[in-house]
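Inspection log for the structure reproduced underneath, given as structure tokens.
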Amino acid sequence: MNTPEEPTFRESVDIMYNRAVALMDLSPGLEEKIRVCNATYTVRFGVRLRGELKTFTGYRSVHSEHMEPVKGGIRYATGVNQDEVEALAALMTYKCALVEAPFGGSKGGLCIDPREYDENELELITRRFAYELIKRDLINPSQNVPAPDMGTGEREMAWIADQYKRMNTTDINGTACVTGKPTNAGGIQGRTEATGRGVQYALQEFFRDADGVKKAGMSGTLDGKSVVVQGLGNVGYHAAKFLSEEDGCKIVGIIERDGALTDPNGLDVDAIRHWIAGHGGVATYPGATYVEDGASVLELDCDILIPAALEGVINRTNAGRVTAPLIIEAANGPVTAGADEILRGKGTVIIPDMYANAGGVTVSYFEWVKNLSHIRFGRMQRRQEEARHQLIIDELERLSSDSGIGWELSPNFKTKYLRGAGELELVRSGLDDTMRTAYQSMASVWHERGDVDDLRTAAYLVAISKVADSYRAKGL
Ligand code: NAD
């Protein structure tokens, strides 16, 4: 994806890291310790498929172990390589620090196009890859906990958890070895939607920040804003769906592998997702304008651009033509260091990946805690909460009737007020709180420090100082 003069993904992350570190007072030793990737394991393994032995290459990279377990997704894509997993592992370190998820950073990947294999084959490949990582403690509830990423989802996570449990039959916390599992296999409600939901909460918080909105040259709220989304996968689909259904945004462009769809009046996100599932792409979708050169739609006139597919898509070659005043990096690394410079020069506000897509790891943290505590969130309190609310309602109604005022509480209020919080409500509330708090910590640096003029540098400053504090506390 990068043009020749463009740094690699890993170098891009380091450039952004160095820019932030230059504004900090870290010792050179600590600065290097935080930046470098601790270890990357490469594995090549064979699986017998369709009568022949096929060899696969996979990676698991551990960037920082200042906190353990380390955490980070497993990606299935043909472009997976060491540079990429190391960049993604580094981003995980900073992301976890920023949102205060108590993990170090890690990432894994397998060079494979999952669409070329059927479900049984994928299970064989996934279990074998997991076996290789588990036997080296690169999957382990207290040391290294993967999650879904591009090309993987809850199905793969369930296979990995099962494989771990087969190999560690007496580990009572075995289910916590991976997050993003289906709810019937130790998962948590709200994990599948979490990253897209986090993008929505991030944008809601951005539009509460009047200074930030002004810096982007924008005004008002999310209502009525036009949005272009690249990648209608797990993250892009949920972000687009929630923004259009709940916040009044208009999705005017959707970019997929085989082209893009546009409609100035707003696209039907669910219908398009359904169409892609049935037809393998967007090209033949009848209800919108099809653009064969999908990447050109990144340059469409819109208020908010959400790259939610892969890295390096906004680079030196097209950054100058991107017109959206606000970009939210739902994908990891969609804007290269070179493009970042061009966009900053134009005054484009970028909500950086390490914050924007942190919803996934945040809810993964909740899932891990749920697995270790062996109890669903809300199970102990929910009915007790409802009983206390019922007491208040009964008392209000008694007072109203005894005093002759005759007030009646509306049935809608009663239903809403009475309902105790279940797992999904608690997960969403914890996620919303995390996204708001992390935004505020970044935004205060952005607005208050004269030498910081973008949210990415602010995010790095907050994250690096937390990692540095943690190393210092260990005596390093
Ligand atoms: P996914 O595999 O569910 O979806 C990716 C989508 O992008 C697919 O619809 C695919 O067809 C599309 N796509 C692929 N190549 C494209 C191209 N060249 N142009 C346009 N579209 C293309 O993956 P995902 O889990 O949604 O992850 C997307 C991004 O979000 C990745 O950068 C990932 O690292 C990041 N992310 C994911 C999570 C998570 O919880 N899944 C969490 C944090 C960050």
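For ligands, and for the atoms within them, numbers begin at 1 and follow the listed sequence.
For S364 and R191, the side-chain atoms include at least one donor-acceptor pair closer than 3.5 Å. Side-chain atoms of T336 and E6 include a donor-acceptor pair closer than 3.5 Å.
Contact analysis puts R75 in contact with ligand 1, with a non-hydrogen atom separation below 4.0 angstrom. Judged by the shortest distance from any of its heavy atoms, H238 lies outside the 4.0 Å radius around the atoms of ligand 1. Residue contacts with ligand 1: A330 is included, with a non-hydrogen atom under 4.0 Å away.
Interface of L232 with ligand 1, defined as ligand atoms under 4.0 Å from a residue heavy atom, comprises 9 (O). Here is the list of ligand 1 atoms found below 4.0 Å of a heavy atom in A309: 7 (O), 13 (N), 21 (N), 22 (C), 28 (C), 29 (C), 31 (C), 32 (O). Under a 4.0 Å criterion applied to the non-hydrogen atoms of N357, ligand 1 contributes the atoms 43 (C), 44 (C). Heavy-atom contacts of D149 reach the following atoms of ligand 1: 25 (O), 33 (C), 34 (O), 36 (N), 37 (C) (cutoff under 4.0 Å). Atoms of ligand 1 lying under 4.0 Å from at least one heavy atom of A308, given by number and element, are 28 (C), 29 (C).
For a threshold of 3.5 Å applied to N or O pairs, the pair formed by K95 and ligand 1 contains no separation below that value.
Because its NZ or CZ atom is not both nearer than 6.0 Å to the ring centre of F56 and within 45° of the ring axis, R44 does not count as a cation-pi partner of that residue. A cation-pi arrangement is present between R273 and Y237, with the terminal nitrogen or guanidinium carbon under 6.0 Å from the aromatic centre and inside a 45° cone about the axis.
Aromatic ring centres of Y94 and H63 lie closer together than 6.0 Å. A centroid separation of 6.0 Å or more is found between the aromatic rings of Y290 and Y285.
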Could you pull out every donor-acceptor pair under 3.5 Å between side chains of residues 327-335 and any protein atom, sequence neighbours left out?
from, atom 1, to, atom 2, distance (Å)
E329, OE1, D353, N, 2.7
E329, OE1, R456, NH1, 2.9
E329, OE2, R456, NH2, 2.9
N332, OD1, K95, NZ, 3.1
N332, OD1, N357, ND2, 3.0

